[in-house]
There are 2 protein chains.
Amino acid sequence: METKTGADWPIHEIARLAGTTSRTLRHYDDVGLLAPSRIGHNGYRYYDRGSLVRLQRILLLRDLGLGLPAIGEVLANERDVAAALRAHVAWLRQERDRLARQIASVERTIESVNEGGDPMAENMFDGFDHTQYKDEVEERWGKDAYTRSDAWWRGLGPAGQAEWKERSAALIRDWNKAFEAGETADGEAAQELARRQVEWLTTVPGTPAATPGQDVKAYVTGLGEMYVADARFGANYGGPGGAAFVRDALAVYAQRNLGG
Amino acid sequence: METKTGADWPIHEIARLAGTTSRTLRHYDDVGLLAPSRIGHNGYRYYDRGSLVRLQRILLLRDLGLGLPAIGEVLANERDVAAALRAHVAWLRQERDRLARQIASVERTIESVNEGGDPMAENMFDGFDHTQYKDEVEERWGKDAYTRSDAWWRGLGPAGQAEWKERSAALIRDWNKAFEAGETADGEAAQELARRQVEWLTTVPGTPAATPGQDVKAYVTGLGEMYVADARFGANYGGPGGAAFVRDALAVYAQRNLGG
DNA sequence: CTTGACCTTGACGCAGCGTCAACCTTTAAC
DNA sequence: GTTAAAGGTTGACGCTGCGTCAAGGTCAAG
């Protein structure tokens, strides 16, 4: 008969010593993170001092937020603890920043709701007036452009117009999402959005993007600049920062995929 | 035969319009968040403009970080959008702060590892020297106290000493965990820790907590004050802030349970 | 012998879909 | 008319880290 303070302890005892639960210990056994030092003839798990030290390291790392697989690697290599922690802290910072952006976004939404500019309103698309850009379109791309564009627009009919507006709304939403998620302008997500944006542009006749043979690259790049320069457009993308993000993504996309 | 721009669209189409996937739409159907407006004789799902509006609200709220059940409630009540968002932003802030504390904690650990004071070291308990507090114990609680305490300590034997050190280490770890998790001193978690701390104190003979009839309440409260005043103890609890947390928790516990 | 405390394995649950799998329908093409 | 490509359907597993029963063995005490 062993004394209780002998070579090892039963599972509940060691759990108490380390400040965790027996269920957790069984889980660590299942996933191969910490095996009992001994298993009784009855299947009972027993842990000795070595297991306890390892367990305490595991719990320390877990409290720092590392995942169990990551902990397993750290304990296996034993060398790059600091490296693993540095990588981990970088990830933590990203998460914190993402949360900060999301908080800002929610706060903007609350404000917007309070001011009655309810983004949840059923008629959120009905504020979209195609003709409000008449003068500007004519000035930028000529009178023909507006006439053609307007004819196209009327030709779509109510359902078609709704669909077009929805696609543009989805695009704006996704740009915002990517921006707030901290994507980089030359990253995969942003570039996919740029592709969608260009594809979407081609549905509008009279624009260079829809007219083969024109300098699409310059057009798309210039469009991005306009998003930044024109506050009305920029507002759709979450302010100057968001517009700049869109501009950069479009510039990268144009450079890589549109010609030259 | 309906025209494509008619009353409703098939699942993939509406997913594209809203910028999500058909799988997501089926999931929303499964959990009762968004049902198709019509189901074909073949089982196909079709969505109309109403579904689309609802879907866009769902996606908007989801991007703000709300869970699907919460979104369901908001859309059902329709009124307290702002209230739900305010509650949500409070939760987001908590998370952000928790991450900030965890970042600080990981950074401290990195520093500690770099300086060689490796908290992962196998012999992390061996730096614990019971006799280092000799003079102090004598000064505070008299010579007898130290003698008794020392005899008790030697009497534990190596295994018993190890266990005792481990329990104290676990306590310190759990206090830190609770502090960094943003627990309040009078909260459930902190009070449970206080209970453990007092229970643990009673294992040390010669202290009032282990001696019935003494003023345990004053002792425990005073102990907390000492944690704050004495930097050596405070260091174990993550600096002054952590020590103050422990002190407050102990004070609340003593007030509530160690009655007068 | 019984009670009660502690042990075992097994399996569901959670959040939100991604990702096969196995099997129809519709549509466009030949 | 047939066929192959799309796109639809209902399951069901996977991911993270255990909490939480459930059903049933083991062990020390009365």
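Letters go in sequence order (proteins before strands), and every chain restarts at 1. Computed from a predicted structure; not experimentally measured.
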Using a cut-off of under 3.5 Å, enumerate the N/O to N/O pairs linking the protein to nucleotides 2-4 of chain C.
none

Residue pair I14(B) / L52(B): nearest heavy atoms and the distance that separates them: CG1-CD1, 3.9 Å

Between [N] atom [atom2] and [X] atom [atom1], what is the distance in whole Å?
X      : N       : atom1 : atom2 : answer
L34(B) : dG16(C) : CG    : C1'   : 15 Å
R23(A) : dG13(C) : CZ    : P     : 15 Å
I39(B) : dT9(D)  : CD1   : C1'   : 11 Å
D30(A) : dA11(C) : CG    : P     : 12 Å

[options]: which one has an atom nearest the side-chain heavy atoms of [X]?
X      : options                  : result
Y44(B) : dT10(D), dG8(D), dT8(C)  : dG8(D)
H12(A) : dC7(C), dC17(C), dG8(D)  : dC7(C)
T24(B) : dT8(C), dG18(C), dT26(C) : dG18(C)
N42(B) : dG16(C), dT25(C), dT9(C) : dT25(C)

Quick check: do F179(A) and R101(A) have side-chain heavy atoms less than 4.5 Å from each other? no

Using a heavy-atom cut-off of under 4.0 Å over every strand shown, decide if [X] touches base, sugar-phosphate, or nothing.
X      : value
G67(B) : sugar-phosphate
Y46(A) : nothing
R26(B) : base
T21(B) : sugar-phosphate

H41(B) vs dT26(C): side-chain N/O to OP1/OP2 distance below 4.0 Å: yes

Ignoring hydrogens and geometry beyond distance, is a side-chain donor-acceptor pair present between T24(B) and T21(B) at under 3.5 Å?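 There is such a pair between these side chains.
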
